[in-house]
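Report on the following structure.
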Amino acid sequence: MTDRLPEGDAMRLVLPCRPDYLLIVRRTVREFASMAGFAPAEVDDVVSAVDEACANVIRHGYGGPTSRPLAIECKNRTDGLEVRLRDFGRHTDPQQLRPGATKKRPAGGLGLVIIYEAMDEVNYASKPEGMELTMFKSFGTERSSGDGS
Amino acid sequence: MTDRLPEGDAMRLVLPCRPDYLLIVRRTVREFASMAGFAPAEVDDVVSAVDEACANVIRHGYGGPTSRPLAIECKNRTDGLEVRLRDFGRHTDPQQLRPGATKKRPAGGLGLVIIYEAMDEVNYASKPEGMELTMFKSFGTERSSGDGS
Amino acid sequence: MALKINAREVGSAAVVDVTGEVDMHNSPELRKVLKRLVGAKKPLIVVNMSGLDYIDSSGLATLVECLQGTMKNGTKFSIFGLNPRIKNIFTLARLEQVFRICESESEAVGAAPGGKSEG
Amino acid sequence: MALKINAREVGSAAVVDVTGEVDMHNSPELRKVLKRLVGAKKPLIVVNMSGLDYIDSSGLATLVECLQGTMKNGTKFSIFGLNPRIKNIFTLARLEQVFRICESESEAVGAAPGGKSEG
Ligand SMILES: Nc1ncnc2c1ncn2[C@@H]1O[C@H](COP(=O)(O)OP(=O)(O)O)[C@@H](O)[C@H]1O
Ligand SMILES: Nc1ncnc2c1ncn2[C@@H]1O[C@H](COP(=O)(O)OP(=O)(O)O)[C@@H](O)[C@H]1O
C-alpha cells in the first residue's frame, strides 16, 4: 500500500453546493484519507463526517441547493488529518452546532451526532461571510463504542 | 443514471504536484465527467488526457515532484466539458506542445499524442507565472479510429 | 454508484433490496418506497442492505421514520445484510440498538406471519 | 487501486500479471520487472493485463521499451487480456498495431518454444 502522505500536504476541492456533488466529495475525500494512512474504518469515519457536514451546509447554511461554492480542504498532519469546510451561507451560533443543541425535526438531528462521533475535534466558527468548520481525526485511535448515548 | 449537470457548474481541485496524487485526480475527474453526461469511453478519454497533462506538469513544468500546487478546473458546458490546468512552473513555447514537435526520449512522447487524440480542443498558453492548458471535449462525438497516424 | 431500489414479496413480507449509496441527493427515493409499503400496512417490511455501500443521516432518518410508521401500524420492520462499513455508520449515529438487525434474509423474513425464507 | 505485479513461469515463457493502475507514480516498478526478464533473455515474455484498470503513457513507454529489448534479443513479447478501457488507451496512443495482442493466455503462451498453455 501507499506510504503516508508528506506532512503539510493539502488538497482543496471546490464545488457548487448541491446534493448531486456529494458523491464526488465522498470519492475524493475517501482517496485522500486512504492515502493519508488511515485504516479502512477510519477512512469511513472521515467520509461520513465530511459528507454530513457538506449536507448540512446545503440544507442549513445555504437553505437549499445553490451554485454558490463549498470549499473543502484536507491537510496531512504528522498525527492525523485536518479537514476544513468553508461556506458563504448564513451565520449560526457555533454553540448551537452540537448534537442535541437544537430541536430536531422528526428523525432528524443525526448529522451532528455522526460528525462528532466520527472525528476527534470539531470546531465551528463564524466568518465575516459564512461559516468555517475545522475537524481533525488522529491516526490509529479506535473510536469508543457508541453505547454511552 | 444521473442527468447531466447544470451548465456552467464547475469543480476545482488543487493538489501538490506529485505523482502519488494522480490517482485522486483520475478518480475525481472520472466522477465529474461521468456526471457531466459522457459515455463510458468518453469518460476514459477525459481521464487519460487530464492524467497525462498533470504528469507532464510534474515532469516538465516543475522538473520533478514538488509540493507546489497544480489546479484543475472542470466546467460543464451545454455542448461538453472544459478542463483547465494551471501550473506555476517554467514556461515552454506553446508551439512546442504538440505531438512530435520536440525530440522524444526513447519510447517517450506518448503523452501529448494521447492528450490531442482524447480531446477535441487542446490549447496551451503562457501566463505571467507558469502555463495554462485549456482542453475541451464535446458530448457524443466518436473519436476517429487512430489509423491516420 | 447510483442508487437502485427493488421491492419484492416474500410470503406476506415486503423485501426492499437497496443497492449503491443512499445520500441527501437520493434518499427521497427510498423514502417514497418505504412510505408506500408502510401505508399499505404490510405485516412485515424488510430492508436488504447487502448491496449498500453508503448511507448518510438522511437515509438513516428515512429508516427511523419507517420504523416509527410500522410501530404505529402494529406491524414489523427488520433490516439485514449490513456490511462492516454500514454497521460502522449505524454505530456513529448510535442506532445499533434501535433496529431489528438480522444476519440473513431467512432470519429477517422468518418473523413474518406466514412468511417463508428464500435463501 | 494499488499496482500489483506477479511474475510466473509457464513452460519456457515468463508471464507477468499486472493488476490495478499503472501511472507515472508506479510505472518504474513495472519497468524493473520487465527489464530483469529481458536481461534474463527469456524466450517469451507475456504481460497479462486482464486485471489492469488503467495505464498511462509512462506505462505504455515501459511496454515499448520491453518490446524493443526483446527484439534486440531475438526473443518474443506478447500481451493479452486488454479490457475495453485499456484497448481505448492503446488506440489513443496509436499503439494498437505495435504489439502482438492476444485474446487469451493460451494464445499468448502458445508462441513460446516448448511453451504449454495453462488455461
Ligand atoms: N452548516 C450549518 N449551518 C447552519 N446550521 C446548521 C449547520 N449544520 C447544522 N445546523 C443546525 O443544527 C441542526 C442539527 O443538524 P443535524 O444534526 O445535521 O440534523 P438535521 O440536519 O437532520 O437537522 C440543524 O437542524 C440545524 O439547525
Ligand atoms: N506541461 C509541460 N511543460 C513543459 N513542457 C512540456 C509540458 N508537457 C509536455 N512538454 C514537452 O513536450 C514533450 C513531449 O511530451 P509528452 O508527449 O508528454 O512526452 P514525454 O513526457 O514522454 O516526453 C516533453 O518531452 C516536453 O519537452
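The figures that follow rest on heavy atoms only: side chains count, while hydrogens, waters and symmetry mates do not. Everything numeric in this text was worked out from a predicted model, so none of it was measured. Reminder, nothing fancy here: chain letters follow the sequence lines and each chain counts from 1.
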Nearest heavy atoms of [X] and [Y], plus distance in Å:
| X | Y | result |
| --- | --- | --- |
| B/G111 | D/S57 | N-CB, 3.7 Å |
| B/L110 | D/A93 | CD2-O, 4.0 Å |
| B/V113 | D/L92 | CG1-O, 3.6 Å |
| B/L22 | D/D23 | CB-OD2, 3.9 Å |

Practice task
Say whether, by atom type as modelled, one donor and one acceptor occur between the side chain of B/E117 and the main chain of D/T91 under 3.5 angstrom.
Solution key: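 Pair absent, no side-chain N/O of B/E117 close to backbone of D/T91.
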
Practice task
Under 4.5 Å heavy-atom distance to chain B, tell me which part of D/L63 shows up: side chain, backbone, both or neither.
Solution key: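 Contact with chain B: none, neither part.
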
How long is the straight-line distance from [atom2] of [Y] back to [atom1] of [X], given to the nearest 0.5 Å?
| X | Y | atom1 | atom2 | result |
| --- | --- | --- | --- | --- |
| D/D53 | B/R26 | CG | CZ | 10.0 Å |
| D/R85 | B/D45 | CZ | CG | 11.0 Å |
| D/L3 | B/L23 | CG | CG | 11.0 Å |

Practice task
Pick whichever of D/T62, D/V64, D/D56, D/L95 has the most heavy-atom pairs under 4.5 Å with chain B.
Solution key: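 Most heavy-atom pairs under 4.5 Å with chain B: D/D56.
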
Exercise for the section: Could you tell me which portion of B/V47 (side chain, backbone, both or neither) has an atom closer than 4.5 angstrom to a non-hydrogen atom of chain D? Expected result: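 For B/V47, the contact with chain D is made by backbone and side chain together.
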
Problem - side-chain contact (heavy atoms from CB on, under 4.5 Å) assessment of B/D44 paired with D/I89 - result: CA-CA 8 Å; B/D44 292 340; D/I89 297 173; 6.0 Å; no

Practice task
Look at atom CD of D/E103 and say whether more than 12 heavy atoms of other residues, nucleotides or ligands are closer to it than 6.0 Å.
Solution key: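 At most 12 heavy atoms, drawn from other residues, nucleotides or ligands, come within 6.0 Å of this atom.
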
Practice task
Can you establish whether the number of heavy atoms outside D/R31 located under 6.0 Å from its atom CZ is more than 12?
Solution key: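 Open: at most 12 neighbouring heavy atoms sit under 6.0 Å from CZ of D/R31.
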
